[in-house]
Amino acid sequence: MSSHGDPEGLLEAAHEWALLLEDPAATRQDRERFEMWRAESPAHADLFDRAVTFREAFVRLEPGDFEASVRSSLRRRSRIDPPARFPRSAFRWPQLIIPLAAVFVVVVLAAPLLLAPTQPEAQPSVAVETTATAVAETRILTLQDGTRVTLGPATELRVRYSHSERVLAFDEGAAYFEVAEDQDRPLSVTAGKLTATALGTAFEIRTGGGVARVAVAEGEVQVSYSETAVPEPVPASTRTRLQPGQMIAAGKGGLRAVESVALDEIGAWRENRLIYSGATVAEVIDDVNRYSQRPVVVAPGSEAVLGFQIRGVFLGTNVDALLESLSAIHPIEVDRSDTEQIVLRQGDD
């Protein structure tokens with residue numbers, strides 16, 4: 001797929017990529033080609049994000065929403081041949097040719113708006129409110145729109161609300177969101193490189209050990225993950241939608257496979273229950289350090305223990321029992337001789 005030099009051509013290319021990535025028949029090679037195009041210029045990434053937003057709004061329109069002249073143009077354009085730059089094998093053309101042509105027509109009509117630079121003077125400054133919990137502390141917040149957020153221990157949440165958006169962000173920790181519905185302002189939560197977007201729903205996000213996990217209790221949540229500096233040509237941005245009882249993890253390499261999760265396990269940490277199903281010791285240590293006043297570290301040369309996996313239910317308020325369980329399951333020695341920290345070392349198998 002070519003990268004056009006003129007602004008309208010770049011916008012058209014961005015919409016082509018958006019359509020390609022939506023198609024289930026898109027291959028890994030298609031996504032790698034997209035990542036190469038996206039990385040060519042910051043303008044490519046910006047226009048692709050606008051194209052995705054535009055597509056999501058466009059698919060909700062009915063024919064009657066267009067002026068008569070536009071409807072006539074859409075009917076004429078729907079009979080055109082598919083663009084030569086699209087590999088026919090990547091699409092089911094009988095199903096996609098009409099919506100594809102329609103999008104191209106509307107792209108042309110909307111190009112002046114989509115390509116217009118942001119006008120900073122029209123955007124009032126928006127204050128960011130920050131709330132943080134201490135080690136072993138859990139706190140419930142009610143935001144201005146009625147959304148309830150339960151913050152886990154040692155978690156710092158940043159809140160930015162305006163008339164057009166609801167944006168929350170945290171880097172490390174855990175949070176459970178009961179989102180007040182607002183059709184005009186989806187709520188987005190960013191945790192590192194992961195973003196979860198919802199209208200009215202309940203879900204949790206937990207981060208630790210370089211992994212972010214999203215689990216949905218009610219409603220539907222769109223999850224995306226973006227890596228900006230990956231040495232190998234893997235997709236830097238992936239998206240998926242989660243339904244109640246589904247969970248997904250994301251880390252190096254992008255989003256992993258969707259898994260099923262029991263509803264009563266989602267947000268169990270609010271009752272100090274830490275539930276693991278294949279989590280790594282690195283994730284467990286990050287959780288423990290949000291409950292323990294005495295930090296847990298791994299001794300130099302024992303980094304291999306960080307990749308060990310664990311399953312089970314533990315109490316965050318009983319750090320000693322959790323660490324003893326680690327040493328019982330894996331060859332890990334727990335050294336408490338240092339009064340300032342607890343040291344984990346790899347033992348003999």
Side-chain angles (χ1 to χ4, degrees), residues 135-138 152-155 170-176 191-194 204-215 225 227 232 234 245-349:
V135 171
E137 177 192 11
T138 301
T155 302
F170 67 100
D171 300 315
E172 293 285 339
Y176 186 91
K193 299 175 182 178
L194 179 142
E204 73 163 359
I205 301 180
R206 295 170 62 183
T207 68
V211 177
R213 299 178 184 271
V214 182
Y225 186 84
E227 290 184 313
E232 60 272 12
V234 299
Q246 292 186 326
M247 184 271 289
I248 197 167
K252 185 178 180 180
L255 292 177
R256 301 173 185 174
V258 175
E259 302 176 26
S260 297
V261 59
L263 292 178
D264 61 357
E265 294 183 5
I266 301 174
W269 51 265
R270 293 175 294 170
E271 301 170 348
N272 291 318
R273 289 189 299 139
L274 301 178
I275 302 176
Y276 301 109
S277 178
T280 63
V281 169
E283 295 176 72
V284 174
I285 290 176
D286 277 355
D287 280 347
V288 166
N289 284 335
R290 283 189 273 274
Y291 287 88
S292 176
Q293 300 292 340
R294 191 176 170 192
V296 177
V297 300
V298 173
S302 294
E303 290 80 5
V305 306
L306 294 172
F308 294 165
Q309 293 189 337
I310 187 169
R311 298 176 184 273
V313 181
F314 306 92
L315 287 178
T317 52
N318 194 342
V319 171
D320 288 338
L322 194 159
L323 294 178
E324 290 303 323
S325 295
L326 285 182
S327 64
I329 297 170
H330 295 293
I332 296 176
E333 297 176 357
V334 181
D335 182 357
R336 296 183 174 85
S337 61
D338 188 329
T339 59
E340 299 296 323
Q341 60 186 8
I342 300 173
V343 181
L344 303 185
R345 291 187 172 86
Q346 184 171 5
D348 297 328
D349 292 332

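Numbers here simply count residues along the sequence, with the first being 1.
In this structure the side chain of Pro153 never reaches within 4.5 angstrom of the side chain of Glu137, judged on heavy atoms. Residues His330 and Val305 are not in side-chain contact: their nearest non-hydrogen atoms beyond the backbone lie 4.5 Å or more apart. Between Val211 and Arg256, some side-chain heavy-atom pair lies under the 4.5 Å cut-off. No side-chain heavy atom of Phe308 sits less than 4.5 Å from a side-chain heavy atom of Ile329. In this structure, the side chains of Ile205 and Phe170 come closer than 4.5 Å at one or more pairs of heavy atoms. You'll find the side chain of Ile248 stays beyond 4.5 Å of the side chain of Tyr225, heavy atoms only. Using a 4.5 Å heavy-atom threshold, the side chains of Val296 and Leu344 count as touching. Taking the side chain as every heavy atom from C-beta outward, Asn318 and Asp320 approach each other to under 4.5 Å.
Scanning both residues, Gly301 and Glu303, for their nearest heavy atoms gives N-OE1, 3.0 Å. Tyr276 and Ile310 get closest at one heavy-atom pair: CB-O, 3.6 Å. Looking at every heavy atom in both residues, Gly316 comes nearest to Leu274 through CA-CD1, 3.8 Å. Between Arg290 and Thr207 the shortest heavy-atom distance is NH2-O, 2.8 Å. For Leu306 against Thr280, the heavy-atom pair with the smallest separation is O-CB, 3.4 Å. The two residues Asp286 and Glu172 make their nearest non-hydrogen contact at OD2-OE1, 4.2 Å.
A distance of 5.0 Å separates CG in Asn272 from OG1 in Thr317, rounded to the nearest 0.5 Å. Considering CG of Leu255 and CG of Leu194, their distance stands at 6.5 Å, rounded to 0.5 Å. If you take OG on Ser292 and CG on Leu322, they are separated by 10.5 Å, rounding to the nearest 0.5 Å. Note that the CG atom of Asp287 and the CD1 atom of Ile275 stand 11.5 Å from one another [nearest 0.5 Å]. Taken to the nearest 0.5 Å, the CE atom of Met247 stands 9.5 Å off from the OG atom of Ser260. To the nearest 0.5 Å, atom CZ of residue Arg345 and atom CD of residue Glu333 are 8.0 Å apart.
Side-chain N or O atoms of Thr155 include one that pairs as donor or acceptor with a backbone N or O of Ala174 at under 3.5 Å. Listed for the Glu204 side chain is no donor-acceptor partner under 3.5 Å among the backbone atoms of Ile266. When atom types are taken as modelled, the side chain of Ser302 and the backbone of Gln346 share a donor-acceptor pair closer than 3.5 angstrom.
Checked against Glu283 for a side-chain hydrogen bond (donor to acceptor under 3.5 Å, both in side chains), the options Arg206, Gln309, Arg213 give a single hit: Arg213.
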Go through it in stages, so that I can follow the logic: the residues are Val334 and Arg336, the test is side chain to side chain contact (heavy atoms under 4.5 Å, CB included), and I'd like the CA-CA distance, side-chain angles, deciding distance and then a yes or no.
CA-CA 6 Å; Val334 181; Arg336 296 183 174 85; 3.6 Å; yes

